[in-house]
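First up is the structure itself, then whatever we jot down about it.
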Amino acid sequence: MYDLLVVGAGPYGLSIAAHAAAAGLSVRVLGRPMASWRDHMPSGMYLKSEPWASNLCDPQGRWRLERFCADRGLTARHAGPIPVRMFAAYGLWFACNAVPELDERMVKRVTSRPDGFHVVTEDEEVLDARAVALAIGVTPFVEVPAPLRALQPALVSHSSHHGDLGRFRDKAVTVIGGGQAALETAALLTEQGTKVKVLVRADRLRWNDVPPPWRRPWWQAARSPHSGLGSGWRNWFYAECPGLFRRLPESTRDRVAAGALGPAGAWWVRNRVESAVDVVLGREVVAARAMPGGLRLRTVDRSGNPLCLETEHVIAATGFRATTDRLTLLSAELHGRLMTTASGHPVVGRNFESSIPGLFLAGLLTARAFGPAMRFVHGATYTAATLVQGVRRHLRTATPAMTLTTPAARGRVRALSGRHS
């Protein structure tokens, strides 16, 4: 039986596993490493976050992005966007060096047992663990506008469904959304010869500013400090103080998590959109139907004035909604024990433990509790250290006779680590 099984091998899952191994726990990670970055983002995309805010996290800080880049003669500098493909390669390098046991099988089901959990893999093997951490990323939580949900995938897809946009070359595609995913997808499509139209519900596009210089006068830094989520004291609080954010009233947390750092494009994609992409502002899709060669969209503006558009395909870059009803990995019995907020999001304790003892949550699932940082790689640093503290506390409470740093446990970790040395 493992002390901890981590479901998901993205930045959060890998960081949690690195901390758990360093703490002397027997841990295994399940899932294809960096799958979202490798399979669900097309070539040519970049991270929106700064390089220094895009580190996976091990306790000693040995396997940072800057070291990965330095070893390969690559550049990672302030105000220089990082290619998604480079970041995915960095995550694989981190996994090889910091994670003791990585199992690329997907998890089919998580059920309970008297002293922990059964985790069933895609090939029906059952693994047992005293604690489980769900770090399943964003792909289970895709959100598509209601009028489009009944249409076939050949006509409607989500922006996270595409690792390659080549199938849309020389076609007519409508992208829905006004955030980074929508705008960068539209730019990439246009640059490959796709005829693109972007539908935005808001009356204008929002663009992030070029970040201020890393070195600047102290009074400028004091007025608007850098943070992992951008400059300014409000962003600094969201990025650096998730534990304090959790102490805010639930209504405040819900409002901030839903609206802070809302849809906006990165400064470096602005010229690629404004100079080349047809953007239709102030319109929302209210109905859609298939037709020969594509689909017909009925849109309205804020006054209810209709406008119909025809297109061959719609890409909905409309974000994600991480509610507990979408945690299909959990058995019905576990679902029934999982407490949720009024908005349908999971209740999470100070160490990322759910209402089910031993079941821990990470990433987007915890953004309503710990703030907007949990939507970005930057949040993995706080999550990994804090969550593993919670796992250790749970193991001491659930199994008082167990010593987490026994010679046998340390031997397991050394043996596993040796495989990746």
Side-chain angles (χ1 to χ4, degrees), residues 138 141-162 168 171-190 194-208 251-266 269-270 272-323 325-326 341-345 367-368 372 375:
V138 299
F141 308 114
V142 296
E143 184 72 1
V144 174
L148 301 171
R149 291 174 193 164
L151 294 172
Q152 296 296 316
L155 297 176
V156 175
S157 59
H158 192 269
S159 56
S160 66
H161 293 161
H162 301 292
F168 300 115
K171 292 184 177 294
V173 173
T174 298
V175 179
I176 298 178
Q180 175 65 12
L183 299 173
E184 191 173 14
T185 297
L188 289 171
L189 287 168
T190 299
T194 303
K195 183 180 179 181
V196 180
K197 189 182 297 292
V198 177
L199 288 183
V200 184
R201 185 168 51 185
D203 293 328
R204 67 182 183 90
L205 293 178
R206 293 179 59 244
W207 299 99
N208 298 127
S251 59
T252 302
R253 287 186 277 118
D254 275 352
R255 175 176 53 79
V256 171
L261 307 177
V269 80
R270 184 170 187 171
R272 296 164 59 193
V273 171
E274 290 185 336
S275 63
V277 179
D278 181 11
V279 178
V280 180
L281 298 171
R283 288 208 163 266
E284 184 174 2
V285 176
V286 294
R289 64 177 178 85
M291 56 177 289
L295 64 162
R296 183 179 178 86
L297 305 176
R298 184 175 186 270
T299 74
V300 295
D301 62 15
R302 292 185 184 276
S303 300
N305 298 313
L307 175 68
C308 291
L309 304 170
E310 295 181 0
T311 188
E312 292 179 74
H313 189 89
V314 168
I315 296 178
T318 44
F320 307 87
R321 187 169 179 266
T323 49
D325 59 302
R326 301 187 182 191
T341 66
S343 56
H345 297 84
R368 295 285 172 143
R375 291 159 38 194

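The model shown is predicted, which means the values in this text are computed figures rather than measured ones.
- At distances below 3.5 Å, at least one donor-acceptor pair connects side-chain atoms of Arg326 with backbone N or O atoms of Phe141.
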* To do: Given side chain to side chain contact (heavy atoms under 4.5 Å, CB included), test Leu281 with Asp203 step by step and report yes or no.
  => CA-CA 5 Å; Leu281 298 171; Asp203 293 328; 5.7 Å; no
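- Judged by distance alone, the side chain of Glu143 and the main-chain N or O of Gly319 form no donor-acceptor pair under 3.5 Å.
- Open room surrounds CZ on Arg201; 12 or fewer heavy atoms of other groups in view lie less than 6.0 Å from it.
- Just one residue in the list Val144, Leu155, Val156 forms a side chain to side chain contact (heavy atoms under 4.5 Å, CB included) with Val314, and that residue is Val156.
- Proximity of a side-chain donor or acceptor of His313 to a complementary backbone N or O of Ala154 within less than 3.5 Å is detected.
- Taking both residues in full, the closest heavy atoms of Ala257 and Ala367 are given as CB-O, 3.7 Å, listed atom of the first, atom of the second, then distance.
- The environment of CZ in Arg272 is crowded: more than 12 heavy-atom neighbours from other residues, nucleotides or ligands sit within 6.0 Å.
- Judged by distance alone, with hydrogens and angles left aside, the side-chain atoms of Arg253 form a donor-acceptor pair with the main-chain N or O of Arg368 at under 3.5 Å.
- Under the 30°/60° scheme for interplanar angles, the aromatic rings of His162 and Phe168 are found to stand perpendicular.
- Although no hydrogens or angles enter the test, the distance criterion places a donor-acceptor pair under 3.5 Å between the side chain of Thr190 and the main chain of Ala186.
- Across every non-hydrogen atom of Ser343 and Thr323, the tightest pair is O-CG2, 4.0 Å.
- Looking only at distances, no side-chain donor or acceptor of Thr194 sits under 3.5 Å from a matching main-chain atom of Lys171.
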